[in-house]
Protein chains: 2
Amino acid sequence: MPVAELLPVTDVSAAACCSPLAKETITATDAEAVARTFKALGDPTRVRILSIVASHADQEACVCDLQEPLELSQPTVSHHLKILMDAGFLTRSKRGTWAYYALVPGSLDSVAGVLATV
Amino acid sequence: MPVAELLPVTDVSAAACCSPLAKETITATDAEAVARTFKALGDPTRVRILSIVASHADQEACVCDLQEPLELSQPTVSHHLKILMDAGFLTRSKRGTWAYYALVPGSLDSVAGVLATV
DNA sequence: ACGCTCCATCGAAGAATGTCTATATTGACG
DNA sequence: CGTCAATATAGACATTCTTCGATGGAGCGT
């Protein structure tokens with residue numbers, strides 16, 4: 001960010017199309033973080049997973065709850081669950097042989113807040 | 001969708017881990033539409049484009065406004081702009097030689113509403 | 001009319017992603 | 001302790017995505 005001030009942006013001739021900025025733009029680093037969040041939501045299977053989990057009683061479901069309605073192989077379901085976990089939308093709690101994935105409270109709502117930074 | 005009712009899901013033995021659903025889940029078709037929206041936001045370059053456009057005075061910028069800060073080739077910038085247009089975040093208005101891309105008012109806010117359907 | 005600038009489209013190369021099968025790991029239960 | 005069930009991980013393959021250079025079209029200027 002300090003680099004910006006070093007540039008002599010006092011160009012008078014290029015006034016043709018380029019208009020000045022009214023406020024700061026997002027940094028490239030922050031943009032990557034925002035994109036990572038949305039990329040996790042950018043797959044129909046993962047959207048359905050979140051919907052199924054959210055539709056369960058305690059907003060919690062195990063892998064076997066998901067495999068059948070999604071009609072996907074078990075490793076594929078686990079793969080998507082990991083992505084949703086890494087993105088902060090789900091948590092995993094293992095009870096016995098089963099792994100229960102639960103919605104992180106407020107994680108979906110906070111997506112709206114992420115957009116405010118753009 | 002009507003296929004679901006045909007399945008005899010009255011399985012009594014599998015009560016071990018699977019819990020019942022408290023509400024309806026999203027349909028596969030709707031999930032694809034939701035995912036398409038988020039996929040458009042799932043790339044750091046496109047997030048930066050939206051930020052730059054939103055930071056301009058009238059929330060409007062031409063391609064030349066974007067090419068330099070993004071440090072990408074012009075065809076690549078146009079490619080991303082098309083994706084953001086198809087997703088409903090930007091509109092294009094050509095004035096003279098220049099093409100001005102403007103934020104669709106409320107399009108970013110409505111993303112939060114999309115999540116409510118999940 | 002000619003050239004020049006700005007932008008969109010085309011085609012291709014490399015990277016990333018979604019899916020599967022096969023295998024490993026973990027915990028429960030005889 | 002051995003077996004079985006539920007998940008996770010690894011590797012492979014096809015598809016999609018991001019990016020580029022090259023080309024084409026539209027509009028302004030001399």
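Naming: A, B, ... by sequence-line order, numbering from 1 per chain. These numbers come from a predicted model, not from an experiment.
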Pairwise side-chain contact, [X] with [Y], heavy-atom cut-off 4.5 Å (strictly under):
| X | Y | result |
| --- | --- | --- |
| B:L50 | B:L90 | yes |
| B:L103 | B:T91 | no |
| A:H56 | A:D65 | yes |
| B:D43 | A:F38 | no |
| A:F89 | A:T37 | yes |

| request: Please report the C-alpha distance between B:R95 and B:E60 in whole Å, then the side-chain angles of each, then the deciding distance to 0.1 Å, and finally whether the salt bridge (charged side-chain N to carboxylate O under 4.0 Å, His left out) criterion is met. | output: CA-CA 12 Å; B:R95 293 201 294 274; B:E60 190 184 60; 3.2 Å; yes

| field | Outermost DNA chain C nucleotides near chain B [under 4.0 Å, heavy atoms] | value |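 Listed 5' to 3', the contact boundaries are C:dT5 to C:dT9.
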
| Does a donor on one side chain sit under 3.5 Å from an acceptor on the other, for B:S110 and B:S107? |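 Distance-only check fails for B:S110 and B:S107.
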
| said: If the threshold is 4.0 Å, N to carboxylate O, is there a salt bridge linking B:E71 and B:R48? | reply: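 Salt bridge absent between B:E71 and B:R48.
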
| query | With distance as the sole test, does A:S51 use its side chain to make a donor-acceptor pair with the main-chain N or O of B:I26 at under 3.5 Å? | reply |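 Yes, A:S51 side chain to B:I26 backbone: donor-acceptor pair under 3.5 Å.
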
| Closest-nucleotide ordering on DNA chain C, the 5'-leading residue of A:T76 and B:L81 |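 Whichever sits nearer the 5' end wins; that is B:L81.
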
| task | Walking along DNA chain D from 5' to 3', note the first and the last nucleotide with an atom under 4.0 Å from a heavy atom of chain B, and give both. | result |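 Taking any atom under 4.0 Å from a heavy atom of chain B, the span is D:dC17 to D:dC28.
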
| said: Within the 4.0 Å heavy-atom criterion, would you say B:H79 contacts the bases, only the backbone, or no part of the nucleic acid? | reply: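 Touches a base.
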
| message | At 4.0 Å (heavy atoms only), tell me whether B:R92 reaches a base, stays on the sugar-phosphate, or touches nothing. | response |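 Here B:R92 touches the backbone only, sparing every base.
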
| Which heavy atom in A:L84 sits nearest to a heavy atom in A:I49, and how many Å separate them? |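 Closest heavy-atom pair between A:L84 and A:I49: CD1-CG2, 3.7 Å.
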
| said: Can you pull out the residues from residues 31-53 of chain B that lie within a 4.0 Å heavy-atom distance of DNA chain D? | reply: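 Per residue number, the list reads B:K39, B:D43, B:T45, B:R46.
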
